[in-house]
Amino acid sequence: MEFSTDKFLFGGDYNPEQWLDRPDILEEDVRMMVKAGVNVVSLGIFSWAEEEPEEGRFELDWLADIIHNLYDNGIYTILATPSGARPRWLAEKYPEVLRVNESRQKLIFGERHNHCLTSEKYRENVAIIDKKLAERFGKDPAVILWHISNEFGGECHCPSCQAAFRKYIQDKYQTVDKLNASWWTKFWSHNYTSFDQVESPSPIGESSIQGLTLDWKRFVSDTTIDFMNKEVEALRAGGAEQPVTTNMMHDYDGINYGKMGQSLDVISWDSYPTWQDDTKVKIMENYSMTHDFMRCIKDKPFLMMESCTTGTNWQPYSDLKAPGQYTNEAMNAIAHGSESVQIFQIRQGRGSTEKLHGALIDHYGKDDTRVYKECEKLGNSLKDLKELLNTNVDSKIALIYDVENKWAAEGSDGPRNEGLPLRETAFKLYHALCRYGVNCDVIDEDHDISKYKILILPMIYSMRNGLEEKIKTFVENGGTLVMTYWTGITDENDLVHLGGFPHDLCDVAGLRSEEIDSRPDEHENYFVPVSGNELGLTNIWKCTKLFDLVRLTTAVPLMTYGEDFYNGKAALSVNAYGKGKTYYISADGEDGFFTEIMSKICMASGIMPYLDEMPENIVVSERRNDHATYLFIQNFGDHAEDIYLSETYSEIYPARSDEKFSGKLTIPRMGTVILKK
């Protein structure tokens with residue numbers, strides 16, 4: 001089912017059930033939302049206890065009153081199923097719905113994600129409330145989208161889950177002999193003689209079989225997706241006709257989001273940058289990488305379902321966002337394909353864990369606060385950007401960042417058991433493209449790669465579903481491949497390939513990895529350019545953490561190691577294969593190294609940056625359709641930055657003008673400018 005909107009959605013999570021005894025506050029909320037340009041809210045996410053205060057007694061009139069009052073004021077509803085947090089009566093009457101942890105301890109009532117997703121009683125009760133909601137609101141024009149549960153996550157190790165896991169394993173392997181071979185159980189004499197012996201991984205039990213751990217993670221992910229799909233079935237059985245979504249999370253590895261996304265009509269996710277972790281521009285690029293991943297799940301625009309106007313309450317410390325910072329954050333989501341800006345939360349609650357989390361309306365409750373005024377300006381500005389809807393982010397470059405590969409690489413013992421730089425390596429390559437000034441798709445291993453000019457494989461330790469053959473074809477047909485160390489090591493069960501690494505891509509890379517050295521973070525080696533190398537590299541760069549020692553066959557060295565017993569061995573190489581080329585990066589370099597080589601590789605591939613020069617605090621992105629190109633230029637620095645345009649544009653944000661201009665343009669501190677060509 002398609003989801004589309006004729007306006008940018010602006011709003012957020014609203015919890016009116018907390019204020020049913022204060023009609024004056026509910027009335028004021030609506031006034032302030034309308035004034036701020038809010039046109040959508042998410043309702044009912046944690047409302048089960050209000051919707052069904054005791055088993056079989058449903059109280060939905062209050063919800064209908066809220067929904068229709070909002071609708072009368074021009075505000076649509078994204079209506080949630082309430083399965084993200086069960087009511088107390090349900091856990092007391094059916095204690096089997098609560099989770100058991102990996103140490104086999106039964107949890108007591110509390111928190112959010114404390115419900116077993118295989119529990120028949122939990123599924124039954126969820127289906128009942130979902131169907132009731134669908135019967136009441138499934139054809140209501142005020143409701144435009146169903147929000148399935150909330151931030152799915154976590155796992156349960158109860159007897160019901162153990163039984164379901166055994167069936168999952170038996171269905172997959174059919175025979176115990178195949179199970180033992182796939183999991184390499186002869187090591188330590190851990191052979192299974194019956195599927196009845198299979199248990200989930202546990203710190204007090206089996207934790208050494210990586211194949212078991214991987215299949216458990218797949219089972220948890222697939223079970224979560226199945227639970228979500230059963231919720232959708234209940235909605236449809238109740239007559240719901242609206243599209244469905246669920247809110248995903250930043251770099252969350254408990255679920256295969258690529259697989260989950262196939263069951264959804266639109267992708268949405270919750271973006272909460274941890275601004276204290278790094279420079280603002282790098283932090284925003286890190287979250288841009290997740291925006292790009294979410295967009296690529298369905299190759300369509302997505303929704304930013306949650307974000308925070310200022311300080312959160314759960315990060316290490318809750319620093320305020322400077323004036324313009326939240327607007328820049330919101331515009332960055334739009335730059336990378338979002339068609340919404342939604343806030344958690346519309347109004348701060350008075351108690352419990354998120355009472356101090358930032359909001360549109362704070363405890364003071366008036367519309368003259370700094371944060372409210374900025375959001376009001378943002379919300380009303382979005383009304384003038386309708387022409388950006390249904391434009392695409394058109395990238396010629398893709399970077400593979402795959403959750404199942406992450407499970408395998410980070411779960412392996414060796415070569416680096418502390419701080420394996422998988423996300424770090426992927427982000428350094430993504431950051432390098434941001435510094436060059438081009439868009440990059442972020443895809444999983446199942447995604448089509450044929451349309452790209454450059455494909456990047458950062459530490460793709462485990463490959464599945466014919467990825468190697470797809471890559472060979474890609475390079476043979478003229479594509480440029482960029483590979484790093486620790487790629488092509490194992491199959492999907494974490495069984496190491498025989499015959500050398502990177503397995504079936506040795507000929508594509510023109511080399512064979514012989515050994516990999518792992519050193520403490522403080523140990524440094526160097527990339528030293530080979531005289532006359534084809535990329536024209538002249539700088540010496542530091543490298544750390546992992547050092548791949550390769551034997552070149554047909555590849556040509558571009559840089560060599562500068563120290564250690566592998567001084568002089570290839571550290572960066574290039575190989576011609578078919579009509580294309582493969583670059584192999586043997587070590588974890590510093591940012592400057594990745595920025596230099598990726599800019600050189602992009603230029604060699606005919607991919608030019610959107611700006612001729614990229615100031616340090618500027619990020620750029622592009623959306624386009626058949627009629628126009630829209631260039632987003634954002635400044636995440638503390639002072640204004642000048643950029644230079646070699647082409648002619650008109651400005652559509654923050655001021656709309658039909659005047660055409662090129663040359664120098666000043667981007668204010670924490671400012672966004674959107675240009676049209």
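In what follows, every heavy atom counts, from backbone to side chain, and hydrogens, waters and symmetry copies are set aside.
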>> For Phe527, run the ring-ring contact (aromatic ring centres under 6.0 Å, His included) check against Phe594, Trp541, Phe593 and tell me which one passes.
In response: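 Testing each of Phe594, Trp541, Phe593 against Phe527, the sole residue satisfying ring-ring contact (aromatic ring centres under 6.0 Å, His included) is Phe593.
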>> Using ring centroids (six-membered ring only for Trp), state whether Phe661 and Tyr649 fall under 6.0 Å.
In response: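 No, ring centres 6.0 Å or more apart.
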Could you grab the distance from atom [atom1] of [X] to atom [atom2] of [Y], nearest 0.5 Å is fine?
| X | Y | atom1 | atom2 | result |
| --- | --- | --- | --- | --- |
| Ile449 | Phe474 | CD1 | CZ | 6.0 Å |
| Thr582 | Tyr577 | OG1 | OH | 9.0 Å |
| Leu572 | Leu537 | CG | CG | 6.5 Å |
| Ile597 | Lys600 | CD1 | NZ | 11.5 Å |
| Leu320 | Thr310 | CG | OG1 | 4.0 Å |

Nearest heavy-atom neighbours spanning [X] and [Y]:
| X | Y | answer |
| --- | --- | --- |
| Ser395 | Asn439 | OG-O, 3.0 Å |
| Thr246 | Ser268 | O-OG, 3.0 Å |
| Leu388 | Arg623 | O-NH2, 3.2 Å |

Check [Y] with [X], please: is the shortest side-chain N to carboxylate O separation under 4.0 Å?
| X | Y | result |
| --- | --- | --- |
| Asp591 | Lys282 | yes |
| Lys280 | Glu285 | no |
| Arg423 | Asp251 | yes |
| Asp588 | Lys428 | yes |
| Glu651 | Lys676 | no |
| Glu622 | Arg624 | yes |
| Glu476 | Lys579 | no |
| Lys396 | Asp394 | yes |
| Lys470 | Asp448 | no |
| Glu329 | Lys321 | yes |
| Glu339 | Arg295 | no |

> For Tyr76 and Tyr71, what are the C-alpha separation, side-chain angles and deciding distance, and is it a ring-ring contact (aromatic ring centres under 6.0 Å, His included)?
Replying inline: CA-CA 6 Å; Tyr76 289 100; Tyr71 186 55; 5.8 Å; yes
>> Going by ring pair (Phe, Tyr, Trp, His ring centres under 6.0 Å), name the pairs with one or both residues in residues 271-291, residues two or more places apart or in two chains.
In response: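 Counting only pairs at least two positions apart or across chains, the ring pair (Phe, Tyr, Trp, His ring centres under 6.0 Å) contacts touching residues 271-291 are His250-Tyr287, Trp269-His291, Tyr272-Trp314, Tyr272-His357, His291-Phe302.
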>> Would Glu616 and Arg435 count as a salt bridge (Lys or Arg N to Asp or Glu O under 4.0 Å) here? Give the steps.
In response: CA-CA 8 Å; Glu616 180 182 3; Arg435 293 302 83 219; over 6 Å; no
> Side-chain donor-acceptor pair under 3.5 Å between Tyr430 and Asp292, yes or no?
Replying inline: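 Short answer, yes.
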> Side-chain contact, heavy-atom cut-off 4.5 Å: Glu376 with Asp367?
Replying inline: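 No; the side chains remain at least 4.5 Å from each other.
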>> With a 4.5 Å cut-off on side-chain heavy atoms, are Val403 and Tyr257 touching?
In response: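 Tyr257 does not reach Val403 side chain to side chain.
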> When you look at Glu374 and Lys377, which way does the salt bridge (Lys or Arg N to Asp or Glu O under 4.0 Å) test go after all the steps?
Replying inline: CA-CA 5 Å; Glu374 180 173 333; Lys377 183 178 179 181; over 6 Å; no
> Looking at residues at least two apart in the chain, or sitting in another chain, which of them share a side chain to side chain donor-acceptor pair (under 3.5 Å) with Lys259?
Replying inline: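 Checked Lys259 against side chain to side chain donor-acceptor pair (under 3.5 Å); matches are Asp222.
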